[in-house]
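A quick note: this is a predicted structure, and the numbers were derived from the prediction, not measured.
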2 protein chains.
Amino acid sequence: MKDVHDMPGHLARRFQQIAVAVFLAEVEDAGYDLTPVQYAALAAVSASPGIDQVTLAGLIAYDRTTITGVVDRLVQKGLVARHAKRGDRRARELKITDAGRRTLRGITPAVEAAQQIMLRGLTDSEAKELVRLLQKAIAAGNALSRAPLRGTATR
Amino acid sequence: MKDVHDMPGHLARRFQQIAVAVFLAEVEDAGYDLTPVQYAALAAVSASPGIDQVTLAGLIAYDRTTITGVVDRLVQKGLVARHAKRGDRRARELKITDAGRRTLRGITPAVEAAQQIMLRGLTDSEAKELVRLLQKAIAAGNALSRAPLRGTATR
DNA sequence: TACTGATATTCAGCATGCTGAGCAATGCTC
DNA sequence: GAGCATTGCTCAGCATGCTGAATATCAGTA
């Protein structure tokens, strides 16, 4: 392991770098302006209407201090609505707006295309295997980051 | 591909997140204060004394505007020296200092350990395969990011 | 009910990464 | 050798991520 280019940590950074670039390029070509992080948050809010920010962060493994800014931008773009939650004035309820639903529907082909492109150097079976290995490594390392994935029932 | 958790882009982000957390934890335990990005830059400067910033950025696939801040911090920590280059006053020559050499030597076990830990969910052969697949995917997607890897001869 | 601990959110500060622009120096070309 | 494109570097601005801390609220208990 004499070279950084053989270290999984460096490869992780590099692959993520490419993945983000491909995502942004595809999404912009499709006429949208949304980051990978914003997309994941929007999709999660769509799937779990009324969710609060901490729970949302847990579902997609974002830090709780990061989710604030991400939701801010989604609200500013009019894709998500943020209201005080009845029964717990600490929390904010998040709901996708009509514009958010339209964006999510319209952007999906570009997102799917991006996933193909970032793996274009691999065969189909290699791509599947890479996804499997990443999921396995991530599952084992989940608790090691400050922002672990927390399924709704993990508590 | 209905769920973000099956998308390679999301997995890339998550794996990178864990990799950084593991790296920082191991390095701090060893008594050092260096980020993964700073480590890669320091190692590259050590391997290529007198390198300029743009070439350094190409070797480790950093954006040219990012490398400025990274080198700033390495210089501030006394690990790297930055001098004007003779023969081309635009460029800055980078050299590792004695303190930088000591740090690099001392930190290596922690860096190696971190690489093991971030893959601890995988068998040895799975870990090798993950590295291989990442390298293959990265090689194919290299040109897609603003900061591609540029080997010294690639020009 | 007052106290204590936990929880949801936010903020300040720092380190990547990127886009786009600007500056200074270089090198090629006519 | 003057003009101009190129190159090396930097800066402003924005979007993640993180640490650590503050604020407000809630929940359980003495």
Side-chain angles (χ1 to χ4, degrees), chain A residues 10 12-14 16-25 28 33-41 51-58 60-77 82-94 144-148 150 155, chain B residues 9-10 12-14 16-25 28 33-41 51-58 60-74 76-77 82-94 144-148 150 155:
Chain A
H10 184 78
R13 176 192 152 279
R14 188 80 187 95
Q16 144 84 352
Q17 183 182 40
I18 292 168
V20 170
V22 168
F23 183 102
L24 291 176
E28 188 186 340
D33 171 33
L34 212 62
T35 66
V37 162
Q38 289 164 15
Y39 167 78
I51 195 174
D52 68 283
Q53 292 187 185
V54 167
T55 308
L56 169 62
I60 48 185
Y62 289 12
D63 191 88
R64 67 185 187 284
T65 64
T66 301
I67 203 76
T68 298
V70 174
V71 172
D72 277 352
R73 275 158 233 126
L74 289 175
V75 169
Q76 191 159 19
K77 290 177 180 176
R82 176 163 46 185
H83 299 297
K85 184 173 181 176
R86 283 173 307 176
D88 189 344
R89 275 184 299 175
R90 290 170 303 180
R92 313 296 193 86
E93 261 185 4
L94 304 177
L144 301 179
S145 77
R146 165 161 142 160
R150 284 189 300 264
R155 284 285 181 72
Chain B
H10 183 78
R13 176 193 151 278
R14 187 82 188 95
Q16 145 84 352
Q17 182 182 40
I18 291 168
V20 170
V22 168
F23 184 101
L24 291 176
E28 189 187 342
D33 171 33
L34 212 63
T35 67
V37 162
Q38 289 165 14
Y39 167 78
I51 196 174
D52 67 280
Q53 292 186 185
V54 168
T55 308
L56 169 62
I60 47 185
Y62 288 13
D63 192 89
R64 66 184 187 286
T65 64
T66 301
I67 203 75
T68 299
V70 174
V71 172
D72 277 351
R73 275 158 233 127
L74 289 175
Q76 190 159 19
K77 290 177 181 176
R82 175 163 46 184
H83 299 297
K85 184 174 182 176
R86 283 172 308 177
D88 188 344
R89 276 182 298 175
R90 290 170 304 182
R92 314 296 193 84
E93 262 185 4
L94 304 177
L144 301 179
S145 77
R146 166 162 141 160
R150 283 188 301 263
R155 284 286 182 72

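- The only member of B/Lys85, B/Arg82, B/His83 that meets side-chain contact (heavy atoms from CB on, under 4.5 Å) when paired with B/Arg92 is B/Arg82.
- Within the nucleic acid shown, A/Gln16 comes within 4.0 Å of sugar-phosphate atoms alone, with no base atom in reach, counting heavy atoms only.
- Between B/Asp72 atom CG and D/dG8 atom P the separation is 18 Å, expressed in whole Å.
- The residue A/Val70 sits close only to the backbone: its heavy atoms come under 4.0 Å of sugar-phosphate atoms, none of a base.
- Heavy-atom neighbours of B/Asp88 CG from other residues, nucleotides or ligands within 6.0 Å: above the threshold of 12.
- The two atoms that bring A/Gln17 and B/Ala147 nearest to each other are NE2-CB, 3.7 Å, heavy atoms only.
- As judged by a 4.0 angstrom heavy-atom cut-off over every strand, B/Arg64 is placed among the base-contacting residues.
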Atom pairs under 3.5 Å: protein N/O with N/O of nucleotides 26-29 of chain D:
residue: D/dC26; atom: OP1; partner: A/Arg89; partner atom: N; Å: 3.0

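- A salt bridge between B/Asp52 and B/Arg90 is absent, with no side-chain N of the basic residue lying under 4.0 Å from a carboxylate O of the acidic one.
- Side chain of A/Ser145, nearest nucleotide from D/dG8, D/dC18, D/dT16: D/dC18.
- With rounding to whole Å, A/Arg73 atom CZ is found 14 Å from C/dT10 atom C1'.
- In this structure, NZ of A/Lys85 is placed 14 Å from P of C/dT7, rounded to the nearest angstrom.
- For A/Asp63, the listed nucleotide lying nearest its side chain is D/dG17; candidates were D/dT10, D/dG17, C/dA15.
- Atoms CG (A/Leu34) and C1' (D/dT16) sit 14 Å apart, rounded to a whole Å.
- Nearer to the 5' terminus of DNA chain C, by closest-nucleotide assignment, is the contact made by A/Glu93 (compared with the other of A/Glu93 and A/Ala21).
- B/Gln38 meets the side-chain hydrogen bond (donor to acceptor under 3.5 Å, both in side chains) test with B/Lys77; sequence neighbours excluded.
- Taking side-chain N and O atoms only, A/Arg82 has a distance below 4.0 Å to OP1 or OP2 of C/dT10.
- Nucleotide C/dT7 holds its P atom 18 Å from the CG atom of A/Leu56, rounded to whole Å.
- Regarding contacts with the backbone of D/dT10, a side-chain N or O of B/Thr68 is found under 4.0 angstrom from either OP1 or OP2.
- Protein atom CZ of B/Arg14 is 11 Å distant from nucleotide atom P of D/dG17, rounded to whole Å.
- Closest to the B/Asp52 side chain, of the nucleotides D/dG8, D/dT16, C/dT16, is D/dG8.
- Listed nucleotides: D/dT10, C/dT10, C/dT16. Nearest to the side chain of B/Gln53: D/dT10.
- Mapping B/Arg92 and A/Pro36 onto DNA chain D by nearest heavy atom places B/Arg92 closer to the 5' end of the strand.
- Residue A/Gln17 places its side chain closer to C/dG17 than to any other of D/dC18, C/dT9, C/dG17.
- Comparing atom distances between the B/Thr66 side chain and each of C/dT16, D/dA15, C/dT10 picks out C/dT16 as nearest.
- When heavy atoms are screened at a 4.0 angstrom cut-off, A/Ala147 is found touching the sugar-phosphate backbone but no base atom.
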